[in-house]
Amino acid sequence: MAHPLRPVTLDFVASAPLRLVFTTDAAAPPEAVFRGLSDVPGWPEWYGAVTYARPTEDGRGREIRLRGGTRFLETIVAADPGERYAYRIDRTNAPGLRALLEEWRLTPSRTGTRVQYTFAVDGTALLRAAVRLARPGIGHAFRGAVRSLDRRLAASPPGPGPAR
């Protein structure tokens, strides 16, 4: 990994210099969506940008690789069943990043789950400008990932935890 990032806590979701917030609905209930999010090795099966995902640190962390070669070592900072899944990036090969935390908030809705995704970032001015320009693509990827996760959850029987 090229460089460490500043370790941030959950309050960074509200205080980050740049925050992108997206919401969409899933038909699955919050507990099922949480199970899908917390099944780290399953991410490449439903999130198109993720090519590799494995738990680290006895499940307290993640190693993630994206299409194009970006890599992350992460710490899971919140895993509240049926409510929230959040992780911060500790090390990456992506240039310009200083801090990054991603939070998935789950709330019951009439039809299943309202999923709110917050991408909270600090970085160089050039990186922040690039993230702003990438906003439509990040939103599209998030909505597509939730649709794909929802289809995956509908095709698999409910269980107490990750299938892996």
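Owing to the predicted nature of the structure, the values given are computational and were not obtained by experimental measurement.
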Audit row: Asp39, Arg152, salt bridge (Lys or Arg N to Asp or Glu O under 4.0 Å) steps and yes/no: CA-CA 12 Å; Asp39 175 16; Arg152 183 172 188 243; 3.6 Å; yes
Evaluate Glu103 against Arg84 for salt bridge (Lys or Arg N to Asp or Glu O under 4.0 Å), listing each step before the verdict. CA-CA 7 Å; Glu103 179 191 56; Arg84 174 174 54 185; 3.5 Å; yes
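No donor-acceptor distance shorter than 3.5 angstrom exists from the side chain of His3 to the backbone of Asn93, with no hydrogens or angles considered.
A distance of 6.0 Å separates CG of Leu149 from CG of Leu37, quoted to the nearest 0.5 Å. To the nearest 0.5 angstrom, Glu102 atom CD is 11.0 Å from Phe142 atom CZ. A distance of 8.5 Å separates CG of Leu18 from CZ of Arg135, quoted to the nearest 0.5 Å. Here the straight-line distance linking atom OG1 of Thr92 with atom CG of Leu5 works out to 6.5 Å at 0.5 Å rounding. Note that the CG atom of Leu100 and the CD atom of Glu74 stand 8.0 Å from one another [nearest 0.5 Å].
Judged by a 6.0 Å distance limit and a 45° cone about the ring axis, Arg62 is positioned over the six-membered ring of Tyr87. Cation-pi geometry between Arg54 and Trp43 is not satisfied (NZ or CZ under 6.0 Å from the ring centre, within 45° of the ring normal).
When all heavy atoms of Ala78 and Leu10 are compared, the pair lying nearest together is CB-CD1, 3.8 Å.
Ionic pairing of Asp90 and Arg88 is present here: one or more N-O contacts between side-chain nitrogen and carboxylate oxygen are shorter than 4.0 angstrom. The pair Asp122-Arg19 does not count as a salt bridge, with every side-chain nitrogen at least 4.0 angstrom from each carboxylate oxygen.
The six-membered or imidazole ring of Trp104 lies away from that of Tyr85, with a centre-to-centre distance of 6.0 Å or more.
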